[in-house]
**Student:** 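This structure is in structure tokens; I'll ask about it shortly.
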Amino acid sequence: MRGNFSSSGRIVGGEDAKPGTYPWMAALLDKRFPRRPFCGGSLITPVHVLTAAHCVDEILKNPKPFKVRIGEYDFDTDFETEHKDIPIGKVHVHPDYKETDFAIHNDLAIIELDGSGMDGTWTACLPDVREDFRNREAIVIDEKCGVSLVQNAGILKNSVNSTA
């Protein structure tokens, strides 16, 4: 995604991805500021977006002013790609989510969309459901799905980046 982002993010290196390369990317938007995503996520089923729990604090209070956008590439350009805005139905936060002064634990939430995000988009590639990842450290790098590991903090770029 490209657009008017703040410079306090954590994306490092890479290069601009081509439009449509990561069709499962989701942008969380406040309807009052439709060109300013405040968080991102991944479409993991046609009606579910995986995001960070710290991103949904305000949504939990009142989901009406918020929406999820699928298919956006450049927030500063109109009509460069076809995108879909979907209202938020419900939000499910990890039951053990906790913020402390030093860390955020179990920072996971699933947004249930009030409609499908699957008009020509794909969901994120996920591991086989039979795999058991409990008590294991796992890093998934898959060029087909565009998943990679970023280890260092840096400057937020205004576009989708690819390290594959």
Side-chain angles (χ1 to χ4, degrees), residues 1-93 99 104 107-126 140-164:
M1 287 181 230
R2 300 175 69 105
N4 187 13
F5 298 102
S6 71
S7 62
S8 62
R10 294 191 175 112
I11 297 176
V12 178
E15 58 189 45
D16 287 356
K18 293 180 177 139
T21 304
Y22 304 104
W24 50 83
M25 290 186 66
L28 278 57
L29 299 168
D30 184 321
K31 292 176 184 175
R32 296 169 297 175
F33 310 104
R35 292 183 184 267
R36 302 270 314 165
F38 60 88
C39 271
S42 296
L43 189 66
I44 57 171
T45 77
V47 294
H48 294 99
V49 172
L50 177 65
T51 190
H54 73 265
C55 292
V56 299
D57 291 338
E58 294 300 313
I59 298 172
L60 284 168
K61 295 174 189 172
N62 179 15
K64 294 268 187 238
F66 300 95
K67 62 185 175 182
V68 172
R69 180 170 291 174
I70 305 290
E72 182 65 78
Y73 176 72
D74 187 340
F75 282 89
D76 292 333
T77 305
D78 292 328
F79 310 114
E80 85 293 352
T81 57
E82 188 175 330
H83 65 263
K84 183 174 185 181
D85 290 343
I86 308 159
I88 293 173
K90 295 180 184 174
V91 178
H92 307 277
V93 174
E99 286 190 55
I104 301 175
D107 192 13
L108 300 168
I110 294 184
I111 296 173
E112 240 179 275
L113 302 175
D114 194 14
S116 176
M118 290 293 292
D119 287 343
T121 60
W122 300 338
T123 58
C125 300
L126 299 173
V140 178
I141 300 175
D142 184 341
E143 288 182 26
K144 175 180 166 244
C145 294
V147 179
S148 61
L149 173 67
V150 176
Q151 295 179 330
N152 301 313
I155 304 295
L156 179 70
K157 293 190 57 133
N158 288 336
S159 60
V160 176
N161 283 284
S162 176
T163 57

**Student:** On a heavy-atom basis, which atom in Phe75 and which in Ala27 lie closest, and how many Å separate them?
**Tutor:**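 Phe75 and Ala27 have their closest heavy atoms at CZ-CB, 3.6 Å.
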**Student:** Could you tell me if the side chain of Val68 sits less than 4.5 Å from the side chain of Thr51, heavy atoms only?
**Tutor:**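 Counting from C-beta outward, Thr51 and Val68 never come under 4.5 Å.
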**Student:** Specify the closest pair of heavy atoms between Leu29 and Arg36, including all atoms of both residues, with the distance to one decimal.
**Tutor:**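 It is CD2-C, 3.9 Å.
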**Student:** Taking Glu58 for its side chain and Leu60 for its backbone only, find out whether a donor-acceptor pair lies under 3.5 Å.
**Tutor:**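 A pair under 3.5 Å: no.
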**Student:** State whether the number of non-hydrogen atoms from other residues, nucleotides or ligands found under 6.0 Å of Lys90 atom NZ is greater than 12.
**Tutor:**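 No.
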**Student:** Please check if the distance between the ring centroids of Phe66 and Phe38 is under 6.0 Å.
**Tutor:**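 Ring-ring flag for Phe66/Phe38: true, centres closer than 6.0 Å.
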**Student:** Mind listing the closest non-hydrogen atom pair of Ala26 and Val49 along with its distance?
**Tutor:**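 Minimum heavy-atom separation between Ala26 and Val49: CB-CG1, 3.9 Å.
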**Student:** Do the side chains of Ile88 and Val56 get nearer than 4.5 Å, heavy atoms only?
**Tutor:**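 Not in contact.
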**Student:** So, does Ser42 use its side chain to make a donor-acceptor pair with the main chain of Met25 at under 3.5 Å?
**Tutor:**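 Such a contact is absent between Ser42 side chain and Met25 backbone.
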**Student:** In a check of side-chain contact (heavy atoms from CB on, under 4.5 Å) between Ile86 and each of Ile70, Ile111, Leu43, which one passes?
**Tutor:**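 Exactly one candidate clears the test, Ile70.
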**Student:** What I'd like to find out is whether the side chain of Lys84 reaches to under 4.5 Å of the side chain of Leu113, using heavy atoms alone.
**Tutor:**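 They are not in side-chain contact.
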**Student:** Is it true that a side-chain atom of Tyr73 and a backbone atom of His83 form a donor plus acceptor pair closer than 3.5 Å?
**Tutor:**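 Judged by distance alone, no pair lies under 3.5 Å.
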**Student:** Check side chain to side chain donor-acceptor pair (under 3.5 Å) between Asp85 and all other residues, then give those that pass, not counting sequence neighbours.
**Tutor:**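 For Asp85, the residues satisfying side chain to side chain donor-acceptor pair (under 3.5 Å) (neighbours in sequence not counted) are Lys67, Arg69.
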